[in-house]
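Everything below concerns the one structure shown next.
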4 protein chains.
Amino acid sequence: MTEEKNIFKQLFDQEETLTDKQQKIVEAAIEMFAEKGYASTSTSQIAKKAGVAEGTIFRHYKTKKDLLLSIVSPTMAKLIAPFVIRDLNKVLDAKYDRYEDFLKAMILNRQEFLKENMTAFKILIQEIPFHPELKEQFKEHIAEKVIEKFVRLVDHYKEKGQIIDLPSYTVVRFSATSIFGLLLVRYLFLPEADWDDEKEIDMTVQMIVNGIGKG
Amino acid sequence: MTEEKNIFKQLFDQEETLTDKQQKIVEAAIEMFAEKGYASTSTSQIAKKAGVAEGTIFRHYKTKKDLLLSIVSPTMAKLIAPFVIRDLNKVLDAKYDRYEDFLKAMILNRQEFLKENMTAFKILIQEIPFHPELKEQFKEHIAEKVIEKFVRLVDHYKEKGQIIDLPSYTVVRFSATSIFGLLLVRYLFLPEADWDDEKEIDMTVQMIVNGIGKG
Amino acid sequence: MTEEKNIFKQLFDQEETLTDKQQKIVEAAIEMFAEKGYASTSTSQIAKKAGVAEGTIFRHYKTKKDLLLSIVSPTMAKLIAPFVIRDLNKVLDAKYDRYEDFLKAMILNRQEFLKENMTAFKILIQEIPFHPELKEQFKEHIAEKVIEKFVRLVDHYKEKGQIIDLPSYTVVRFSATSIFGLLLVRYLFLPEADWDDEKEIDMTVQMIVNGIGKG
Amino acid sequence: MTEEKNIFKQLFDQEETLTDKQQKIVEAAIEMFAEKGYASTSTSQIAKKAGVAEGTIFRHYKTKKDLLLSIVSPTMAKLIAPFVIRDLNKVLDAKYDRYEDFLKAMILNRQEFLKENMTAFKILIQEIPFHPELKEQFKEHIAEKVIEKFVRLVDHYKEKGQIIDLPSYTVVRFSATSIFGLLLVRYLFLPEADWDDEKEIDMTVQMIVNGIGKG
DNA sequence: AATGAATGAGTGTTCATTCAT
DNA sequence: GATGAATGAACACTCATTCAT
């Protein structure tokens, strides 16, 4: 999994350059966008919460939407980062014999990421419907590249005889919605409930694999 | 399923009383709220699209939020209507021997509803995060009543020996997210794709049942 | 004082023709105009309070301002009625030998009227500053006719040797503001206080007469 | 009277801090509120008259009512300032042997103030009936403190044998309405008439003192 | 880099008035 | 005569953005 770390660094370490005030602006914006939505959060509220002057926001971000994108675009990029590495199959081959193991590893990895970026992720999914640029990014990167990669991956495990003969796209959809269903319920709908994460993930992987696996 | 139809009628046919202009206002609002979001849609835009004066909106709805709720609350109510009938288990007993059959019937039924109320449903899920009243309604009705009913239902099929020994709540979550995953992908993410709905549903049911069923 | 009664009837008994609804509208308007002011009272609020439809108001009064004037103009007319009778001096001669007696009679008479028309009177003095028509009426009738009559009246008692040698206009101003001062404090500022009206009037008349009288 | 001047300065010279635009806004507001009334003056009209953008008004005053109060509250405070100094009696004792002298000094002093603040004072008395906060301030400061002080003052001159044996409250009312009657007629009703202020004041004081004085 | 006063278009809402029923 | 749905101009107020300091 060190490869992914590298990719992260490679792609996103520009954020180290944020000034102190900028950092506060971004934090305030994340908190408020998540809570009230982008459209219902005013720049003056963000400025007040961040403890800076209104003008300061526009010194760093040309427009309010720029501020949103500066939060949401990197989040989307990081979210899908594990899938955009070259030769993903090779990595998987070397590491995970079984679809089951791959699934579990991936869930754990993405869970780790979501746990730390929950608020930004919440903004991402809340705002995608309202911003064509975000929809575009989403389509281009997720709906096309990630899904395609995931499909090839399912084909890979199919060839190994681990997955039953359903259309790969359907298997991907089922796997993906099961995983995201778990993570959304866990972190968005009922974050305060008392979860045994390890066990819940295991059961979910078991159900998915039972669902699509060859006995 | 005639019982449900009756309940629908019983509960929601007050909407026949909408005046002509009111109807146009609601239609325009649904379209625009879904597209740009509640907060980014102005009442003047709605009025223009509906072909009425702006004041007319406020003659029928005290506030803009009232207009939103008049769209979204009934949608939520109708969405969960099948689950709030008394003696759901009896109905199921009489009709569906197998969890599989129940699942399929339910998906088909809810799919029918969603197909006709897609736009309002889209607004519902988009706006829930931003409106405490909606969150409250959602929690009270879905998170509590519907899930509880669903859990009892899973218990019911467990007793019949059809479902493996996993926590009922986990089974419900898995079933529900699989179903909603299907419907969301089908109707929200990729509505324009060429779907063989019947087949896709069958496959999904099969995967769920494989996932949680006893051999 | 029967002459005045006649004048009242003569001038203002058109109000008997008010329909039931119209009566309610006027009552509601008087109450609300007095409390919140003309500009801050909406016709819809008046309609609601009167229990009629908004349109009904405009059936009886072409505009909102018409409604105001229908309340305020007659009130002003009635207020000054005692002064517009012809041959006022003759009446006074016949009845009041002393300025003192005249003053007391007049205060008692106007007090009676104000007690019964307090609310409309309140509207009158509150709205005069904002409506040129009212200002005009006020100037034309009060500032010109009534004052002129009052001045002649003071001249009359001066000739009788009852009033010291100050400009009549000054004496009128002093008398009038003393009287209105009493009535305003009594009925507008501190209506709830415990007043011995008879005594207060007597003392006030005494002070005025001392102030301007010849020992 | 230098003591009062000091108090004025002390209490109200914070207004020097008004920015240029703010000053213009206040001036425009004063002019328009006086002419058309608070409720009938729109913020856009004020902005236009002041030569600023409408938003600028709300940068300095949270609400339209705030703007009103920023004009009217200090005016009320300044108006009653001479009465709130400690040891008013001592001051009077040292300076004015006779009630007559005190009255004249006070009228001259308040006349000076009113002459310079006529418009704001007009707003004050016009708007008091419509704004509970103002009524409250008025009651608390004028109806209670100032009147009470005035009553004690009359008692003071009574003890000196200068005032006849009428209830002090009645004497105060009579004095006050005579004075305000003069000033209102002079500056509000007939400001354009040709007045000999000095003489008018002298005559008024004479009438009051005759009215309540011991021969 | 940071400020915050200033902007003016735009917001949701209210208004007096009209008119078909 | 009475209604109340409909109007659109006007309202108080907010907004993202600019710019002189």
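Sequence lines set the chain letters: A, B, ... in the order given, protein chains first and strands last, and positions in each chain run from 1. Values below: all heavy atoms of this structure, side chains included; hydrogens, waters and symmetry mates excluded.
Checking side-chain atoms of C:Glu35 against main-chain N and O of C:Met32 turns up no donor-acceptor pair under 3.5 Å. With C:Ser40 contributing its side chain and C:Gly37 its backbone, the two residues share no donor-acceptor pair below 3.5 Å. Between the D:Glu127 side chain and the D:Leu124 main chain, no donor and acceptor come within less than 3.5 Å of each other. A side-chain donor-acceptor contact under 3.5 Å links D:Lys64 to the backbone of D:Thr41.
DNA chain F lies under 4.0 Å from at least one heavy atom of each of the following residues of residues 37-58 of chain C: C:Val52, C:Ala53, C:Gly55, C:Thr56. DNA chain E lies under 4.0 Å from at least one heavy atom of each of the following residues of residues 60-72 of chain C: C:Thr63, C:Lys64.
Among residues two or more places apart in sequence or in another chain, the salt bridge (Lys or Arg N to Asp or Glu O under 4.0 Å) test is passed with C:Glu116 by none. Taking the ring-ring contact (aromatic ring centres under 6.0 Å, His included) definition, one finds that A:His131 meets it with A:Tyr38, sequence neighbours left out.
Salt-bridge formation is not detected for the pair D:Lys48/D:Glu54: no Lys NZ or Arg NE/NH1/NH2 atom is positioned less than 4.0 Å from an Asp or Glu carboxylate oxygen.
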**Item:** Dot-bracket pairing map - DNA chain F, Watson-Crick plus G-U, both contacts under 3.5 Å, | cross-strand
**Value:** .||||||||||||||||||||
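For DNA chain E, the span of nucleotides reached by chain D at under 4.0 Å from its heavy atoms goes, 5' to 3', from E:dA5 to E:dG8.
D:Leu134 CG to D:Leu69 CG: the interatomic distance, rounded to the nearest 0.5 Å, is 5.5 Å. In this structure, D:Lys122 NZ and D:Ile30 CD1 are separated by 12.5 Å, a value rounded to the nearest 0.5 Å.
Within 6.0 Å of NZ in C:Lys139 there are 12 or fewer heavy atoms belonging to other residues, nucleotides or ligands.
Here the closest heavy-atom approach between residue C:Thr119 and residue C:Ala34 is recorded as CG2-CB, 3.3 Å.
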